[in-house]
Amino acid sequence: MSNLIVKWGMMKQNELESCNDDQQALIERPSWHIVPAAAADFDLLADLRHLAMKDNMEANGMFDHELYRQYFKDSFDPASTWKIIENDEVLGFYVLWDKQDHLYLERLYFHPNAQGRGIGAEILTLLKQQAIAHTKPIRLDVLPKSRANPFYLRHGFELIEEREEEKVYEWRGSGLR
């Protein structure tokens, strides 16, 4: 069971044990699993982020990739970062912060070859179960012209604020404050 805690992210032992069979099947996916990131993963994850975000950043007028690499480096926290692995290959990663009144999904990126396979949707399912266990909504920000906007809307997130530089989404499961 302790190995599953690493795969699940921030979940605690008793929360994992309360998962139903569908959730357990998601945790034990045969094709991929989740592992905590380490400080040594920075370059790998920065390169993956660049590949995943290149088109979206350019569509939003953000061409200085070195500036955004430095921004990512300044905010990189391995303790809040989880790699998505398949056959010893990093397909993607996410960064999840446990805030006082919500879980903040700061990043969810996949290598372009791993996009469109449904893994992002499965990660969101895991994160939603985590949000329910913590009785907190999930919030995230997306670039205005990002392909991620319809993805989050399809998965039950609601647009709660629209700024010039980003759109803010929130997912609230039933019974969440």
Legend entry - Taking every non-hydrogen atom, the tightest pair across P112 and A52: CD-N, 4.4 Å

Legend entry - Between CG on residue D47 and NE2 on residue H50, distance to nearest 0.5 Å: 8.0 Å

Inset, instruction - Using the rule that two of Ile, Leu, Val, Met, Phe, Trp, Tyr join whenever any of their side-chain heavy atoms come within less than 4.5 Å, decide whether L140 and L159 are in one cluster. - result: yes

Quiz: residues 84-92 side-chain donor-acceptor pairs under 3.5 angstrom, not counting sequence neighbours:
from: E86; atom 1: OE1; to: R117; atom 2: NH1; distance (Å): 3.1
from: E86; atom 1: OE1; to: R117; atom 2: NH2; distance (Å): 3.0
from: E86; atom 1: OE2; to: R117; atom 2: NH2; distance (Å): 2.8

Legend entry - More than 12 heavy atoms of other groups within 6.0 Å of E161 CD: yes

Legend entry - Close side-chain approach of W171 and L127, heavy atoms under 4.5 Å: no

Legend entry - For R107, all residues meeting side-chain hydrogen bond (donor to acceptor under 3.5 Å, both in side chains), sequence neighbours excluded: S75

Legend entry - CD on Q100 to NZ on K136, rounded to 0.5 Å: 7.5 Å

Legend entry - Distance (rounded to the nearest 0.5 Å) between L124 CG and Y152 OH: 6.0 Å

Inset, instruction - Please name the pair of heavy atoms, one in F93 and one in K83, separated by the smallest distance, quoted to 0.1 Å. - result: CB-CA, 4.1 Å

Legend entry - Side chains of L51 and Y109 in contact at under 4.5 Å (non-hydrogen atoms): no

Inset, instruction - Mind checking the CD1-CD1 spacing from I138 to I132? Nearest 0.5 Å is all I need. - result: 8.5 Å

Legend entry - Under 3.5 Å: donor-acceptor pair, side chain of K167, backbone of S146: no

Legend entry - K99 side chain vs R139 backbone, donor-acceptor pair below 3.5 Å: no

Legend entry - Closest contact, heavy atoms only, P144 versus N149: O-ND2, 3.2 Å

Legend entry - With sequence neighbours excluded, residues passing side-chain hydrogen bond (donor to acceptor under 3.5 Å, both in side chains) with Y104: D141

Legend entry - Validation row: I34, I123 side chains within 4.5 angstrom (heavy atoms): yes

Inset, instruction - Say whether L143 and Y71 are linked into one hydrophobic cluster, either directly or through other cluster members, by side-chain heavy-atom distances under 4.5 angstrom. - result: no

Legend entry - Smallest separation among heavy atoms of D98 and H134, with atom names: OD2-CD2, 4.1 Å

Inset, instruction - Check whether any side-chain heavy atom of Q115 lies under 4.5 Å from a side-chain heavy atom of R147, and answer yes or no. - result: yes

Inset, instruction - Quick one: sort the Y94 and W82 rings into parallel, tilted or perpendicular, breaks at 30° and 60°. - result: parallel

Inset, instruction - State whether K73 and D43 are salt-bridged, where the test is any N-O pair (Lys NZ or Arg NE/NH1/NH2 against Asp/Glu carboxylate O) under 4.0 Å. - result: no

Inset, instruction - Answer yes if L103 and I160 sit in the same cluster of Ile, Leu, Val, Met, Phe, Trp and Tyr residues linked by side chain heavy atoms under 4.5 Å apart, and no otherwise. - result: no

Legend entry - Residue pair Q70 / D74, side-chain heavy-atom distance below 4.5 Å: yes

Legend entry - Ring centroid separation F72 to F42 under 6.0 Å: yes

Legend entry - same_hphob_cluster(V168, V142) at 4.5 Å side-chain heavy-atom cutoff: no

Inset, instruction - Would you indicate whether the side-chain heavy atoms of L105 and Y169 approach each other to under 4.5 Å? - result: no

